[in-house]
Amino acid sequence: MSTNTGTAAGAVVIIGAGMAGYTAATQLRKLGHEDAITLVDAEPATYDRPPLSKNLFEEDFRIEKLAFATAEDLQTMHIETRFGAQVMQIDPAAGEVVLADGDTLRADTVIIAMGGSARELPIPGADLPGVTTLRTFDDALELRNSVTAGTRVAVVGAGLIGAELASALRLHGAEVTLIDPMEIPLLPAVGELLATHLHAMHEPRGIRVVTGLTSEFAESDGGLVVKVQDGPEITVDRIVVGVGLVPNVELAEAAGLDVDNGILVDETHRTSAPNVYAIGDVARTRDSAGTLHRREEHWEAAQLSGVEVAYAVLGQEIPARGASWFWSDRHDCHLEATGRLSGPGVVVVRNAGDHPAVFLVEGGLLQGAASVNDTQTVRAARRLIDQRIPVAEGELADPNVSLRSLLKQKR
Amino acid sequence: MSEEGIVVAQVGDIDEGEGIQIEAAVLGTVDNVAVFNDDGEYFALDDTCTHEVASLSEGWVEDGCVECPLHAAKFCLGDGSVQSMPATVDVYPHRVVLDGDDIRVIPNPERLA
């Protein structure tokens, strides 16, 4: 355990330097943790991933620009780094993390923030050259370097990443086909009305939208063919599959930690081993009542879990978390959503300008909201939800009533 | 002292919790400047978020901070320091003085064009 300074957390090794892991490291320092912190990642830097599907064709797309911190910044914060290093083994009982190069890091506390890998389709041809996924900076860079104006690209999966990538590809001049088995993707995330509105943006901008289950990829003369069940065969030059994420649980499993589609953690992000925590995309909460929650695969959820685990590791009270929040950028549109937009409640629509805003109200309280190019509405909605301020459906539907004024009135 | 800075607005022009954008040409600065009213106190920062291109004047003002309208990076109104990701670089602050009803901004010397 801890040697002579600070806290019982002792030397902390954080595996994974994405949003969650980086935040955990910096938050530990902010809270006064003085013992060693080592940030380990197979990637070459600690960097932000949302731009990978949005900004990959922008002129200044460099890993330095996506990095959360420079080597100097990290040094100033006394955060040791082992970038480009693969972890081979976590040994909770011995308090050790073993790297592929043979080094063993002493770890009184381990925080696993290894995220996930892009899910691959279990279909013939999924491993053909030219079929890729998008998860890392290198994935994005490779795509950037191989797509030019006129390149035919199939994007399989029209969720957040697929839709964003299709938009970026199209803007770059590629001939894009966007394929999804669902008539309206993203329905649980933003509700039917807005999901329909968002999905309908692709075709007018020149993206071919195909609804159907992708059943096979094959090579053909001068390209690849995507076969869609009961649908067309689409000949392309490139295929990018964006069908979700598989949590990287192998090391945790090998270490004997409880795992069920994610590393199981309690409300304090602690795994089944007392000195091992898990945060971000890789973690899944099993609450004190034993209920398993969905993994939260959003940027802010990862960030907040990084903040929270620092409090937990240091034995301090974890600040309360408010309504969830995420954004998506596609077709020059900025979508934001907070809370839940599916499940029990009444859907209220506000029609103003080019895009509708949607709300879900249950028992006179706002449960969720989403808007396009109107962030003030969602920022206000978030506070209305968190502060449990009663709302009237008529006011929400009225474009002349700003949500901010509702917040001010009732505060 | 009343000659200090440039008058950019009058008290009452900026609603509580709101910001306005002052064009760079008005102040002779390299970036536009956002002027905020946080509970009756006025603050000025470089207007462009250091994360991606967005106008902080359209951000959410609360408790001494402004939250970027695009990705919710948070900056301290007083000194421009980053309070929350995804931004990692501070924005430059400018001084604001009230002269009667005049809101005057004194551009940060480091940000003069």
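First the proteins, then the strands, lettered A, B, ... as listed; each starts at 1.
Heavy-atom neighbours of A:Gln75 CD from other residues, nucleotides or ligands within 6.0 Å: at or below the threshold of 12. Within a 6.0 Å radius of CD in A:Glu64, more than 12 heavy atoms belonging to other residues, nucleotides or ligands are found. Heavy atoms of other residues, nucleotides or ligands lying less than 6.0 angstrom from NZ of B:Lys74 number 12 at most. Few gaps surround CG on A:Asp60; more than 12 heavy atoms of other groups in view lie less than 6.0 Å from it. Counting non-hydrogen atoms of other residues, nucleotides and ligands closer than 6.0 Å to CD1 of A:Ile161 gives a total of 12 or fewer. The neighbour count for B:Gln10 CD, taken as heavy atoms of other residues, nucleotides or ligands under 6.0 Å away, is above 12.
Heavy atoms closer than 4.5 Å to chain B are found nowhere in A:Ala69, neither backbone nor side chain. Neither the backbone nor the side chain of A:Glu300 has a heavy atom closer than 4.5 Å to any heavy atom of chain B. Neither the backbone nor the side chain of B:Ala87 comes within contact range of chain A; no heavy atom of the residue lies under 4.5 Å from a heavy atom of that chain. Both the backbone and the side chain of B:Glu67 come within less than 4.5 Å of a heavy atom in chain A. Neither the backbone nor the side chain of A:Asp73 comes within contact range of chain B; no heavy atom of the residue lies under 4.5 Å from a heavy atom of that chain. With a 4.5 Å cut-off on non-hydrogen atoms, B:His51 touches chain A through its side chain but not through its backbone. If you measure heavy-atom distances from A:Gln303 to chain B, the contacts under 4.5 Å come from the side chain alone. Only the side chain of A:Asp329 comes within contact range of chain B, with heavy atoms under 4.5 Å apart.
Note: B:His71 and A:His334 have perpendicular aromatic rings, judged against thresholds of 30 and 60 degrees for the angle between ring planes.
Judged purely by atom type and a 3.5 angstrom limit, A:Arg379 has no side-chain atom pairing as donor or acceptor with the backbone of B:Gly59.
Here A:Tyr311 pairs with nothing under the ring pair (Phe, Tyr, Trp, His ring centres under 6.0 Å) rule; sequence neighbours left out.
By the 6.0 Å and 45° rule, A:Arg404 stacks over the aromatic ring of B:Trp60.
For the pair A:Trp299/B:Pro86, a side-chain contact is recorded, criterion being any heavy-atom separation below 4.5 Å from C-beta on.
Here the CG atom belonging to A:Leu407 is positioned 7.0 Å from the CD atom belonging to B:Glu62, to the nearest 0.5 angstrom.
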*asked:* The test is side-chain contact (heavy atoms from CB on, under 4.5 Å); show your working for A:Asn55 and B:Glu52 and say whether it passes.
replied: CA-CA 10 Å; A:Asn55 307 349; B:Glu52 284 183 23; 3.0 Å; yes

